[in-house]
Participant: 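Following this message is one structure expressed as structure tokens.
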Protein chains: 2
Amino acid sequence: MTEPTAPLGWHHLVELHGCDRAALDDLPRIEAALLAAARAAGATVLDARFHKFAPQGVSGVVLIAESHLSVHTWPEHGYAAVDLFTCGVSLDAEPAVALLQAALGATSTSRQAIPRGRSAG
Amino acid sequence: MTEPTAPLGWHHLVELHGCDRAALDDLPRIEAALLAAARAAGATVLDARFHKFAPQGVSGVVLIAESHLSVHTWPEHGYAAVDLFTCGVSLDAEPAVALLQAALGATSTSRQAIPRGRSAG
């Protein structure tokens with residue numbers, strides 16, 4: 001299934017800055033957005049866990065058949081760190097990132113895609 | 001708490017190659033190793049979820065007070081992708097990586113630390 005020279009997975013690291021600070025502290029909203037992003041990427045959700053921190057901030061991880069999504073928010077900085085780790089090339093990160101950007105009101109978004117792993121031959 | 005120019009978090013991407021292939025397909029062993037790695041890093045574990053794939057492979061995520069750890073294994077390639085995402089500088093990735101390397105029998109380990117997020121000022 002995997003070309004010998006292709007990485008085994010792609011890891012998208014997404015930086016969302018200038019977000020709506022109330023949204024970043026709203027667990028149900030973050031959870032709904034991350035699960036919607038998983039669906040938008042074409043992922044199969046296996047399990048999900050979210051946590052609300054005191055005094056502020058939300059973390060969440062979604063285990064998907066294709067690896068995972070995660071989010072960590074810093075409401076005081078208007079920042080959310082989002083990861084989309086996928087094995088294979090079947091997932092489309094673009095609509096997932098666009099959905100999260102809109103849901104959190106990000107004014108600045110950047111993304112890097114990092115190759116993970118190599119075939120043992 | 002955070003210096004204005006410091007990143008909000010550090011994300012360690014760890015590549016473990018040449019691992020024991022049976023270990024990579026052993027969910028209880030992977031789970032025990034990742035939780036032990038979390039403790040070795042000084043993390044506070046909030047929740048954890050693991051999944052065994054057919055025909056092979058294990059994924060796991062551990063939600064910690066400092067962000068998350070994750071693992072995804074490809075037994076057929078002797079490879080495990082490990083992430084340790086930490087906010088602040090209080091966690092020590094080195095003992096966590098050493099523990100996982102030993103637990104999975106990795107013969108080749110590489111790690112990159114990526115800064116995540118910036119202060120809103």
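So that the names make sense, note that chain A is the first sequence line, chain B the second, and so on, each numbered from 1.
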Participant: Mind ranking Gln112(B), His11(B), Arg49(B), Glu15(B) by heavy-atom pairs under 4.5 Å with chain A and telling me who comes out on top?
Facilitator: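 Ranked by contacts with chain A, first place is Arg49(B).
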
Participant: Among all residues two or more places apart in sequence or in another chain, which pass the ring pair (Phe, Tyr, Trp, His ring centres under 6.0 Å) test with Phe53(A)?
Facilitator: His51(A)

Participant: Go through the steps to decide whether Leu84(B) and Val14(B) satisfy the test side-chain contact (heavy atoms from CB on, under 4.5 Å), and finish with yes or no.
Facilitator: CA-CA 8 Å; Leu84(B) 172 56; Val14(B) 184; 5.8 Å; no

Participant: Report which part of Phe50(B) has an atom under 4.5 Å of a heavy atom belonging to chain A: side chain, backbone, both, or neither.
Facilitator: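 Backbone only.
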
Participant: Which atoms of Ser70(B) are under 4.5 Å from chain A, going by heavy atoms: the side chain, the backbone, both sets, or neither?
Facilitator: side chain

Participant: Does any backbone or side-chain atom of Val82(B) lie under 4.5 Å from a heavy atom of chain A? Answer side chain, backbone, both or neither.
Facilitator: backbone

Participant: Anything under 3.5 Å between a donor and an acceptor, one on a side chain of residues 22-32 of chain A, the other on a protein residue two or more places apart or in another chain? List them.
Facilitator:
residue  : atom : partner   : partner atom : Å
Asp25(A) : OD1  : Lys52(A)  : NZ           : 2.9
Asp25(A) : OD1  : Gly57(A)  : N            : 2.8
Asp25(A) : OD2  : Lys52(A)  : NZ           : 3.4
Asp26(A) : OD1  : Arg29(A)  : N            : 3.2
Arg29(A) : NH2  : Ala103(A) : O            : 3.3

Participant: What part of His17(B) is in contact with chain A, defined as an atom under 4.5 angstrom from a non-hydrogen atom: side chain, backbone, both or neither?
Facilitator: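 Just its side chain gets close to chain A.
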
Participant: Identify the heavy atoms of Phe85(A) and Ala81(B) that sit nearest to each other, and give their distance.
Facilitator: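 Shortest heavy-atom separation between Phe85(A) and Ala81(B) comes out as CZ-CB, 3.6 Å.
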
Participant: When you compare the side chain of Leu8(B) with that of His77(A), does any pair of heavy atoms fall below 4.5 Å?
Facilitator: yes

Participant: Less than 4.5 Å to any heavy atom of chain A: does that hold for the side chain of Thr73(B), its backbone, both, or neither?
Facilitator: neither

Participant: Who among Val62(A), Asp47(A), Leu16(A) has the most heavy-atom pairs with chain B under 4.5 Å?
Facilitator: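 Between Val62(A), Asp47(A), Leu16(A), the count favours Asp47(A).
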
Participant: Do the charged groups of Arg111(A) and Asp83(A) touch, with an N to O distance under 4.0 Å?
Facilitator: no

Participant: Is Val71(B) in contact with chain A via its backbone, its side chain, both, or neither, using a 4.5 Å heavy-atom distance?
Facilitator: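 Looking at Val71(B), nothing touches chain A.
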
Participant: What option among Gly9(A), Gly60(A), Ala65(A), Ala48(A) has the most heavy-atom pairs under 4.5 Å with chain B?
Facilitator: Ala65(A)

Participant: Establish, from distance only, whether the side-chain atoms of Glu66(A) and Thr86(A) form a donor-acceptor pair under 3.5 Å.
Facilitator: no

Participant: Heavy-atom distance under 4.5 Å to chain A: side chain of Leu13(B), backbone, both or neither?
Facilitator: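 Both backbone and side chain.
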
